[in-house]
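Report on the following structure.
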Amino acid sequence: MATTTFYTKQRCNWIEGRDAKVDEVMREWMHKFCTLQDVKICVSTFNVNGKSPQSVFPTWFSQNKEDIAEFYAVGLQEMDLSVGTYIIDNTKKMEGWVDAIHCSLPGGRTHFNVVGSMRLVGIFVIVFQAAHSKVRVSDVNVKYVATGISVLVNKLGNKGGTAISMKMNDTWVCFVNAHFAAGNNELERRNQDFRDIYNGVVFYPRSQQDGLRDRPLEVPVMCLYDHDVVFWFGDLNYRLNTDIYGISNDEVRRIASSEKFGDLFQYCQLQEQMARGTVFKDFQEPKVLPFRPTYKYDCGTNTWDTSEKGRVPAWTDRILTYKKYPQVGLELIRPMESVETITISDHKPVRALFNLKVKKINESGANSVYEEAIRESDRRANEELPQVQLSLNEVDFGIVNYLEPKTRSVIVQNVGKSKVRFSFKVRPNAQNNQEICEKWLMVTPTHYQIPQGSSMEISLTVSISTDIVRRIQDILRNGQLQEILVLHLENGRDYFIPVTAVYNNSCFGSTLEKLLSARPKKEVNLIDFDDLESSLSDNCPPNVPRVIYRLVMALRARGAVQLNIEEEQDNEVFNRIRQALETGHPDDMSQIASSYMLYSALIRLLDSLDEPIILEGMFKIIHKEMIRYRTDARQLWTVVRSSLPKPNQAVLELICLMLREFFSQKYELRDQLSLWGTVMFRHDITEEKTHGMFATVLQTMCDYAADVALG
């Protein structure tokens, strides 16, 4: 039987999303063919700080009859902080939290069913629907976007977003739970997390995919802004800029504990960024949040953080909403609340109750006015052609660095007599209909509608990730990063926007051979690693790149005791380390950053190389042999000596020496073997059968040095 799709339905039937101008007319005439249903939706976000749940949280959700919702959307952050979770999918914590949330809903678990859920390590979103609800839920799709850079360079998911898209009757709704970068100095990183998630959350509705699997450029997609309503919530980590205004931590705490806590909201970074149009364009939240800052507390109390770091209180946990059109009926029907009675975490849960008018389309009624709507949209289009002005006709980013995103803005001003809809055209040879530019360039938003007399700020961001830097030489054209964006006006002209950037070649994203040639070669004993007193330049082994040697020796000098794996990433410090590596000053790097930042920089450096330290060999023969002999140190080092190039052997021996020392000083660091296995082998981390075996290989080589094992 033939399948009806987005493209095969007859033109006499209206399909929303096929023609934006016709849709605009149909929305104005919606009263002719739509009925609206009031639906209560409760949204809650909670950073649980890696804690295990209690069996039930009686105060998390209001039990008052008038506050009971048909749908509950809950987002958790830091659900699981164990190191192994970043590599091996462990669902135990998730199952415990799902059960606790389910039992905490009004009436308990028997009154609600799970509509959908999505997890990215510790970032988890789940949606429940009341068993008695008459709302028809369809086209449920899920997505995750990893943005965080923890100990590993690869985006393993300590930060990012999880999303669920669905149709409630005929209204498209999306729930996004996000965890942005932490730290007072990481504002731009948080903004970049928003852009990453915004661009990465793309759905392919099942009802529109049939028959198009072999034609990826024709498969309809849904971005966030294509939904009628978006709920975006989570630990967004935006802090207070009170220090800029000379307000001390003690004063912030005093105000936050008083009835005047709302006075602090004017210093909120998120409010400031939204006012500038930098992030969350057209999203809404209350002008002042009617509860105390939700971070940071001593666990088990309502006392502000008394740890050594003494965090400044902030509203890090937020719930924002977006409506595609003014006609969408969405309202906050209760003031947002934080639940201060829940004290297991250093954050407080936040909840909000909304009423959404969900539409139900009478198809025969819609189709009866569809042809008239086509004629009306044609008449309007003929009367008013779109006109815009761009603030920049070309964008030059100048010099860009690895893992240091740089953003430029282009303002699109609507100078015509009607609304303007724009989108960026798909680039030639694209693999799908979302690919408007090279992966090193990010555009936010990719399509939008600008009211008459208004403007829209488009953010262009160059981001040189690990995947990009490994193939940077294949991307460069005449020594530059080059792209041409094509901004298309619906029923209007195209604007061509050239984008250029100069990549700053560095030790990151290089090869071992190039790193070796970047310093004078000296005839020094390959295995003489133990002399920490003499000059690093004199003691760097001939087959070890100097940048790797300097980082390893700095870490050895500091020792494992000072290494705190849970420390927050600081990109400013990373940039300082990179500069020291590239300039050669200071030669001794042990005092320029914390042990964690040096450790993270070393892993980033190794992970950015064009090939892993432990090559897989033809048909993966080297990896297979090492797995075979994973507990036999003699055989393992024999494989290394006979199969790997000299520089790879030397770097591997040096890393194993460092880890051997670390494990003897701090046994719990052995948990890091899984992470190191991923960096050194770059194997497929989704293959659980072999993943643990690579960690065993490294453990064996760390336990027995090459000279000891080989006699």
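These numbers come from the heavy atoms of this one structure, side chains and all, not from hydrogens, waters or symmetry mates. Index from 1, following the sequence.
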For the residue pair [X] and [Y], establish whether any side-chain heavy-atom pair is separated by less than 4.5 Å.
| X | Y | result |
| --- | --- | --- |
| Thr306 | Thr303 | yes |
| Met79 | Arg119 | yes |
| Leu240 | Trp315 | yes |
| Trp440 | Ile464 | yes |
| Asp346 | Arg311 | no |
| Ile655 | Leu659 | yes |
| Met626 | Met701 | yes |
| Thr147 | Phe180 | no |

Using the ring centroid of each side chain, check whether Phe194 and Trp232 are separated by less than 6.0 Å.
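Under 6.0 Å, so yes.
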Tyr297-Trp304 aromatic ring centre distance below 6.0 Å:
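Here the rings of Trp304 and Tyr297 have centres that are less than 6.0 Å from each other.
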Do side-chain atoms of [X] reach the backbone of [Y] as a donor and acceptor pair under 3.5 angstrom?
| X | Y | result |
| --- | --- | --- |
| Lys406 | Ile399 | yes |
| Ser664 | Glu661 | yes |
| Ser643 | Val640 | no |
| Arg682 | Asp607 | yes |
| Ser600 | Tyr596 | no |
| His347 | Thr316 | no |
| Arg318 | Tyr238 | no |
| Thr696 | Gly692 | yes |
| Gln273 | Val279 | no |
| Asn648 | Ile613 | yes |

Test item: side-chain donor near acceptor, [X] and [Y], under 3.5 Å:
| X | Y | value |
| --- | --- | --- |
| Asn575 | Gln579 | no |
| Asn241 | Arg239 | no |
| Ser594 | Gln562 | no |
| Ser595 | Arg558 | yes |
| Ser345 | Asn49 | no |
| Asn199 | Thr444 | yes |
| Thr407 | Thr461 | yes |
| Ser307 | Asp305 | yes |
| Gln269 | Arg190 | yes |
| Asp588 | Ser590 | yes |

For Val125, enumerate each residue passing the side chain to side chain contact (heavy atoms under 4.5 Å, CB included) test, keeping only those at least two apart in sequence or located in another chain.
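Counting only residues at least two positions away or on another chain, Val125 forms a side chain to side chain contact (heavy atoms under 4.5 Å, CB included) with Met118, Thr162, Ile164, Asn177, Phe233.
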Please enumerate all residues that pass side chain to side chain contact (heavy atoms under 4.5 Å, CB included) together with Leu710, with sequence neighbours excluded.
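Partners of Leu710 by the side chain to side chain contact (heavy atoms under 4.5 Å, CB included) criterion, ordered by chain and then number, come out as Arg634, Trp637, Thr638, Arg641.
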Less than 4.0 Å between a side-chain N and a carboxylate O, is that true for [Y] and [X]?
| X | Y | result |
| --- | --- | --- |
| Arg578 | Glu404 | yes |
| Arg189 | Asp570 | no |
| Asp196 | Lys159 | no |

Dump the intermediate steps for salt bridge (Lys or Arg N to Asp or Glu O under 4.0 Å) on Arg477 and Glu438, then the final yes or no.
CA-CA 12 Å; Arg477 303 170 190 169; Glu438 290 271 16; 3.4 Å; yes
Stepwise side chain to side chain contact (heavy atoms under 4.5 Å, CB included) test for Asp80 and Phe124:
CA-CA 10 Å; Asp80 196 339; Phe124 178 67; over 6 Å; no
What's the verdict on side chain to side chain contact (heavy atoms under 4.5 Å, CB included) for Leu657 and Glu653, showing C-alpha distance, side-chain angles and the deciding distance?
CA-CA 6 Å; Leu657 171 64; Glu653 289 190 44; over 6 Å; no
Hey, is CZ on Phe663 packed in by over 12 heavy atoms from elsewhere, all under 6.0 Å?
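Correct, the count exceeds 12.
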Step by step, work out the salt bridge (Lys or Arg N to Asp or Glu O under 4.0 Å) result for Arg546 and Asp587.
CA-CA 10 Å; Arg546 188 167 179 269; Asp587 194 34; 2.3 Å; yes
